[in-house]
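Each chain gets a letter, A, B and so on, in the order its sequence line appears, and its residues count up from 1. As the structure is a computational prediction, the values presented were derived from the model and not from experiment. Just the heavy atoms: all of them, side chains too, but no hydrogens, waters or symmetry mates, feed the values below.
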Amino acid sequence: MKWKKLLLEPRIIFVAIILFLAIVAMKPAFERSEDGTYDFKTGIKKGLDLEGGVRALILPQDQQYAEQVSGVLNARISAFGLQEKVIRLVEIEGKKYVEVELAGSSEEQLKHLIEKQGNFDARISQNILLDADDEGILKIGEQQHAIKRTGDNKIEINENMLEFNHSTEINNIKISFVNKTSGSVSLSAIVFDGTGIKDIFRDAQNSRVYQAGANQWQFVFTILLSKDAATNFHDVVRHISLDSQNPQYLSSNIELYLDGSLMDSLRIGSSLQSGIQTQVQISGPGSSQEDAATKMKELQSILESGALPTQIEIVQTTSVSPTLGKQFVKLSIISIFASILVVSLIIFIRYRDPRIVIPIILTSVMEVILIFGMASLIRWTIDLASIAGILAAIGTGVDNQIVIADETLQKKKVEASLKERMKSAFFIIFSSSATVAAAMLPLMTIGAGAVRGFAFTTLMGVLIGVLITRPAFAKVVEYIKQEDSE
Amino acid sequence: MFERLLENYKLGILISTILLGIAVSALFFHYNETGEFVQKGLDFKGGTQITVTNLELSDATALEKAIKNSLGSETIVKFSENNKNIIIESGDSISKEGVEQILNSQNVAFDQKNVNRVELGAALSSAFLNQARKAIIIAFVAMAIVVFLTFRTIIPSFAVMLAGISDIIVAMAGMNLLGISLSLSTLAALLILIGYSIDTDILLSTRVLKNKGSGNLNERIIGSMKTGLTMTAAAIAAMTTLLLVSTSAVLDEIALVIIMGLIADMPFTWIQNVSILKWYAKVKNIE
């Protein structure tokens, strides 16, 4: 057979160039892994099924905040240090969801980071003694406010009524009526919240973990308050009495709340009464060094990203372990090659001509490489469903090759010329490819992840086949036919 | 001999209609029993699915009993071929720890790293189901349009689509029989099945309607049957390889659905579609 002439055919050269580009796009490389063996790495982006990790679909309750939710989660996950993430907005049946995919992370970790709304505030309670007339004084900053108990559950501050368990705002500080005894009332002031935090220190000096006792670890990190928050803080703190037994501390603690739950209650050093302090330390416990470090990172990330603008609900979670992922990679490679082999066997049984069988095998292999190359180029994630799509594409590709071979290599006497028969073969191929494409296109819009991968790779396979590999194969068959008739 | 069968196209139509009828009744039978034509899986019903791989167990039945006792009799338990992998599906929310406890109580050896969990809320899954229905309808309509534009005659185009629909119905009946539920992956398998099956029918119809120069009608039909059966055999071979090689239940299910559909494709293309075309050819005097 005129090999040289065949290889110089424009269609064949075209295929060779595209093949080369595809291989380059995949960025194949040998990397040295930890145990000294060489790992074959490619630029193909592996999905959850093949790499392990967790994927969650999150529904923001107030839909108009969907984008902000996505932003906050993005900030939180980045702040926590997870780089391999995909966060995007997905719309299903008119509702907006945020899809978060973390490679190499666990379901618990993701939930810890995401589930917290992130509403943080720091409160200090003041106990105000009432005299015989049920009157007392609340001091905040430079001002004094008159307090009078007017009922069992009511007090008046500056003649404005405040009910038990309710709040009001005084001097820009939210004050709540939280406790009462016969001779006193307790008022809790929110001295600052998440918005008052200007910066969170994460360097080794200002953020660390230490052992507090046997099996007890503590984390502590410093935050920087804004000027307003620091002023509010000082306004309240300067009027708190010293602890009579421990005069280096004040008699009230500063309580840290996250999403309404008490997180920590810290002693306030008396030195803080002397001037406006912008630095505050936040600490908390952990069951081990690792646990304390993780809890610290989580809290820092939540504070740094800010609170979520609306409540969220995790409606779907998928978690795959990395070992399972690696298994699937091996499985996928074996499946693809095994299928190609078996199909070639059948074709050999039918045609018994290696000149046909080999090009069919080569074409299938090339199509697989081209699909992967295209996927790498556009950073499409390959997951298990995509692999199934590739197998389907191989199947239809082989089907089409068989049509071409049959149509043109019939030994019988036929009236139509080679050209006409090739045209007829391509007609069949185009029609069936068009129907498969028509079936796959609506699939691209369905679901959140898996089926899109399948539809995409099948569609890619069909397009690559029709536009690139099938014409090349037809050319090869033409040459075989020519050789036969000589 | 083939020639005589081909002449008797009315018998062909009868046989294939009976086959189709059996499959349709199977679906209705399932509907009577369970309220749905095809058993819906996690993706469309909502719930939790926990997969554990690389198990070492000796008594699968005991384990299944223990799981159903603990998590509810409605829980679906599927084992892979050699009992190495197990999939547990439930409409309720089940936890990894719960399953791990059951495995431990039955002395099953496993690694915690190999426990995987998927949870899907009911609202989202019914949204998926709606989308799936729309996708199938759109896919069918799109394909019907393409097929009609290809042949520009109603009856042959209808025959092609009918074969595709028949294949899917048989595949769905088969799914019910084998206990394969409809999931996003098996849905994709059904759609790719239509593609495969329509391949063979387009081949047949093109040869019959357009290739006037390659022998008489019967010869063209038999010729296309040789090509078509090779194509179907190759596709079945590819899917069987996948089935044998894979240890993933997801890939297994996709392979089985396509295999069943392809086996059904053979009578529906080469008996049903051929018979309809023969009848059409007789009416339109095509030779």
Side-chain angles (χ1 to χ4, degrees), chain A residues 57 92-93 95 107 315-324 327-328 331 334-335 338-339 342-343 345-347 350 384-385 387-389 391-392 394-396 398-399 402-403 406 410 412 414-416 424 427-428 431-432 434-436 438-443 445-447 450-451 454-455 458, chain B residues 43 53 111 113-121 123-124 127-128 130-132 134-135 138-139 142-143 145-147 150 184-185 187-189 191-192 194-196 198-199 202-203 206 210-211 213-215 223 226-227 230-231 233-235 237-242 245-248 250-251 254:
Chain A
L57 203 61
I92 301 175
E93 292 233 311
K95 282 206 192 146
E107 195 179 324
V315 289
Q316 180 197 36
T317 46
T318 311
S319 73
V320 176
S321 72
T323 39
L324 191 63
Q327 261 184 25
F328 278 159
L331 177 62
I334 297 179
S335 312
S339 302
V342 166
V343 167
L345 194 63
I346 298 221
I347 297 187
R350 168 79 204 270
L384 213 56
I387 303 281
L391 288 165
I394 296 179
T396 39
V398 168
D399 273 2
I402 293 176
V403 167
D406 257 17
Q410 281 174 39
K412 290 189 281 189
V414 281
E415 290 163 23
S424 144
F427 179 83
I428 298 177
S431 323
S432 43
T435 32
V436 171
M440 289 301 115
L441 280 172
L443 276 189
T445 59
I446 202 182
V451 174
F454 174 83
T458 310
Chain B
D43 295 328
T53 54
D111 188 334
K113 281 192 299 194
N114 291 330
V115 181
N116 302 286
R117 182 173 181 271
V118 178
E119 176 159 13
L120 186 55
L124 193 62
F128 281 166
N130 279 340
Q131 278 198 324
K134 275 191 229 157
I138 296 179
M143 286 193 281
I145 293 179
V146 171
V147 168
T150 307
L184 285 173
S185 357
L187 172 69
L191 283 170
I192 196 63
I194 306 183
Y196 270 146
I198 286 194
D199 255 5
I202 289 184
L203 170 70
T206 309
K210 303 230 175 197
N211 282 22
S214 314
K226 281 200 201 144
T227 312
T230 312
M231 282 159 63
M239 286 297 123
T240 311
T241 314
L242 179 61
V245 161
S246 122
T247 51
S248 142
V250 170
L251 288 181
I254 292 179

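Using a 4.5 Å cut-off between heavy atoms, A:Val315 touches chain B through backbone and side chain atoms alike. For A:Thr458, the part sitting under 4.5 Å from any heavy atom of chain B is the side chain, from C-beta outward, and nothing else.
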Begin from the C-alpha positions of B:Tyr196 and A:Val436 and carry the test side chain to side chain contact (heavy atoms under 4.5 Å, CB included) through to its verdict. CA-CA 8 Å; B:Tyr196 270 146; A:Val436 171; over 6 Å; no

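Atom CE of B:Met231 sits about 11.0 Å away from atom CD1 of A:Ile347, to the nearest 0.5 Å. Note: B:Ile202 CD1 to A:Ser431 OG = 5.0 Å, rounded to the nearest 0.5 Å.
Taking the side chain as every heavy atom from C-beta outward, B:Asp199 and B:Leu203 never approach each other to under 4.5 Å.
Interface check for chain A: of the options B:Thr230, B:Ile254, B:Ile198, the most heavy-atom pairs under 4.5 Å are formed by B:Thr230. The greatest number of non-hydrogen atom pairs below 4.5 Å with chain A, out of B:Ala237, B:Ala189, B:Ala235, is found for B:Ala237. When each of A:Val342, A:Val343, A:Asp399 is checked for heavy-atom pairs under 4.5 Å with chain B, A:Asp399 comes out on top.
With sequence neighbours excluded, the residues satisfying side chain to side chain donor-acceptor pair (under 3.5 Å) with B:Thr227 are A:Asp406.
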